[in-house]
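Throughout, protein chains are lettered first and strands after them, A, B, ... in sequence-line order, and every chain is numbered starting at 1.
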There are 2 protein chains.
Amino acid sequence: MLTIGTLAKKTGTKVQTVRYYEQIGLMPEPGRTEGGQRRYGDAELDRLSFVRHARQLGFSLDAIRELLDLSDHPGKSCAEADAIARRQLKQVEHRLARLEALRTELKRMVHECSGGQTADCRVLEVLRDHSECLTNHEEIGG
Amino acid sequence: MLTIGTLAKKTGTKVQTVRYYEQIGLMPEPGRTEGGQRRYGDAELDRLSFVRHARQLGFSLDAIRELLDLSDHPGKSCAEADAIARRQLKQVEHRLARLEALRTELKRMVHECSGGQTADCRVLEVLRDHSECLTNHEEIGG
DNA sequence: TCTACAACTTCTAGCAGCTGTAGGTTCAAG
DNA sequence: CTTGAACCTACAGCTGCTAGAAGTTGTAGA
C-alpha cells in the first residue's frame, strides 16, 4: 500500500495534483487508514501513470477521461481511441505550423535589430506595424 | 472618436478583452461620454494594435508591458527590447522541439493502430507503458 | 512509551489570459 | 419618441494545476 506521497513520487506528480485528479473524478477515491489518510494500490499506480503519460503527450484531461474509459472496456472498438489520438496529432501539427511561422518572424525581428535606440528598434517597429510581417499570424499563438 | 466596439473590431479583439487590458493597466483609462461610455482615439488604437500583434507573436502580457514601456521611451537603448524578443524566440524554439517529438510519438501510435478492439489498441498500450516510447517527454507538453 | 517531525488532512485562493452572464443604462437611427 | 443594439459594472468560470494556512496522523528513534 502506497501513501499519496509515494504514489506522487513514482509517477512524477505533485501530491496536490493527485488530490486534484481525484476531485475531478479522474482518479478513484482510494481506501483510507483509520486516521483518514489515503492508501493506494497498483491499479491506481497504473492509472495515474497512464494519465501522466497522456498529459506529457499533450492530451487534455477530457481526452484522457475518454481514453481511460476506453481502456476500461477492452471489448470496445479501438476506433474511438484512434480518433482521439488522431485529433491530438492534428492539433500538434497545427501548433507546429504556427510556431514555425512565429519563429521565422521573431528571427527576422531579432536579426534586423541594429542595437541603437528604441526609436529605431526593428523589434518595436515590427510590433507597431503588422504590415511588415511576412506571415499571417491571426490566431493567438503559443 | 471610437467606441469600444469599433476599437475591438478594428484590432480583432473582444470588447471584454479591451476592458480587461484596461483593468490590468495595459491600456490607459480612456475618455468617457457624459453617459459614461468609453471613447478612444488613434493613440489607443495604435497601442491596442501593438498589444494584439505582440500577443499573436506569443509574447506574455508582462513582456508586452515591458515592450510598451520601451516603445514609450524612444531614447532608451534598444538592447532590452532585443533581449525580450530573443527570450521569446528561445521559448518558441524550445516548444517547437517538444512538439516535434510529440508529433513523432503520436504518429507512431496512430500508425500502429490496427483498428481492432481496445484490448489490443496500440494507442492505449503506448499510453499504459511509457517504455514503449522512443523519445523522452518529461515536461508537460503542448 | 514518549517525542519529534515529516507527511498527511481539508479548505481556500491564486496563476494566465481571457470569456461569458446578469442586470441595468445609453446612444443613435428611424 | 421609440426601439434595440451596444454600452456599463460586477463577478463567476474556464484549464490544469500550485501554494498556503491551520490542523492531524503516522512512524522512527531514544
Side-chain angles (χ1 to χ4, degrees), chain A residues 1-27 29-40 44 48 50-68 88 91 95 137-142, chain B residues 1-27 29-40 44 48 50-68 87-88 91 95 98 137-142:
Chain A
M1 284 301 183
L2 308 168
T3 64
I4 194 169
T6 314
L7 183 77
K9 204 163 282 175
K10 282 197 185 220
T11 53
T13 316
K14 304 231 163 159
V15 167
Q16 296 103 307
T17 306
V18 180
R19 288 198 278 251
Y20 169 70
Y21 286 163
E22 180 185 326
Q23 196 185 305
I24 63 169
L26 213 55
M27 289 292 288
E29 288 188 24
R32 302 266 184 159
T33 62
E34 294 208 350
Q37 296 194 0
R38 292 169 179 81
R39 287 301 122 97
Y40 295 93
E44 282 101 333
L48 185 53
F50 185 107
V51 171
R52 294 311 289 175
H53 192 186
R55 284 297 296 138
Q56 283 163 5
L57 287 165
F59 289 93
S60 71
L61 294 181
D62 267 358
I64 293 171
R65 222 185 286 272
E66 292 182 67
L67 289 167
L68 279 169
Q88 176 64 12
Q91 262 185 38
R95 272 190 269 175
H137 31 241
E138 301 303 312
E139 300 160 55
I140 283 293
Chain B
M1 284 300 182
L2 308 169
T3 64
I4 193 169
T6 313
L7 183 76
K9 205 164 282 176
K10 282 197 184 222
T11 53
T13 316
K14 303 230 163 163
V15 167
Q16 294 103 309
T17 306
V18 181
R19 288 197 280 248
Y20 170 71
Y21 287 163
E22 180 185 327
Q23 195 185 305
I24 63 170
L26 213 57
M27 289 292 289
E29 289 188 22
R32 302 264 185 161
T33 61
E34 294 209 350
Q37 297 195 357
R38 291 167 179 82
R39 288 299 123 99
Y40 296 93
E44 283 101 332
L48 185 54
F50 185 106
V51 171
R52 294 310 290 175
H53 193 187
R55 285 297 297 139
Q56 283 163 4
L57 287 165
F59 288 94
S60 71
L61 294 181
D62 268 358
I64 293 171
R65 222 185 286 270
E66 291 182 70
L67 289 168
L68 279 169
R87 207 201 303 148
Q88 176 64 13
Q91 265 184 36
R95 273 189 271 173
R98 286 263 313 131
H137 31 240
E138 301 302 314
E139 300 161 52
I140 282 292

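Salt bridge status for Arg38(A) with Glu22(A): present, with a side-chain N to carboxylate O gap under 4.0 Å.
For the pair Tyr20(B) OH and dC14(D) C1', the computed distance is 13 Å after rounding to whole Å. Atom-to-atom, CG of Asp62(A) to P of dG16(D) comes out at 7 Å; the value is rounded to the nearest Å. Protein atom CD of Gln23(A) is 11 Å distant from nucleotide atom C1' of dT12(C), rounded to whole Å. Rounded to an integer number of Å, the gap from NZ of Lys9(A) to C1' of dA7(C) is 10 Å. Rounded to an integer number of Å, the gap from Arg32(A) CZ to dG26(D) P is 12 Å. Atom P of nucleotide dT15(D) and atom CD1 of Ile64(A) are separated by 13 Å, given to the nearest angstrom. In this structure, Leu2(B) atom CG and dA6(D) atom C1' are separated by 15 Å, rounded to whole Å. Rounding to whole angstrom units, NZ of residue Lys14(B) and P of dG20(C) are separated by 4 Å.
Residues Leu7(B) and Thr11(B) approach most closely at O-OG1, 2.9 Å, considering heavy atoms. Nearest approach of Val15(B) to Gly5(B), heavy atoms of both residues: CG2-CA, 3.9 Å. In this structure, Val51(A) and Ile64(A) approach most closely via the heavy-atom pair O-CD1, 3.7 Å. Taking all atoms of both residues into account, the shortest heavy-atom contact from Arg95(A) to Gln88(A) is NH2-NE2, 4.4 Å. Between Tyr21(A) and Leu61(A) the shortest heavy-atom distance is CE2-CD2, 4.0 Å.
Within the 4.0 angstrom heavy-atom criterion, base atoms lie near Arg19(A). As judged by a 4.0 angstrom heavy-atom cut-off over every strand, Ile4(A) is placed among residues touching the sugar-phosphate backbone only.
Residue Tyr21(B) has a polar side-chain atom (N or O) positioned under 4.0 Å from OP1 or OP2 of dC18(C). The phosphate of dC18(C) (OP1 or OP2) has a side-chain N or O of Arg52(B) nearer than 4.0 angstrom. Taking 4.0 angstrom as the limit, Arg38(A) places none of its side-chain polar atoms (N or O) nearer than this to OP1 or OP2 of dG26(D).
Contact of the Glu44(A) side chain with the Pro30(A) side chain is registered, since non-hydrogen atoms from C-beta on lie closer than 4.5 Å.
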So which protein nitrogen or oxygen atoms get under 3.5 Å of nucleotides 26-30 of chain C's nitrogens or oxygens?
from    : atom 1 : to       : atom 2 : distance (Å)
dC27(C) : OP1    : Thr33(B) : OG1    : 2.8
dC27(C) : OP1    : Gly35(B) : N      : 3.2

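Comparing Val15(B) and Thr17(A) by the nucleotide of DNA chain D whose heavy atom lies nearest to each, the residue mapping closer to the 5' end is Val15(B).
Among dT10(C), dG16(D), dG17(C), the nucleotide with an atom closest to any side-chain atom of Arg55(B) is dG17(C). Nearest nucleotide to the Gln16(A) side chain, out of dC18(C), dG20(C), dA19(D): dA19(D).
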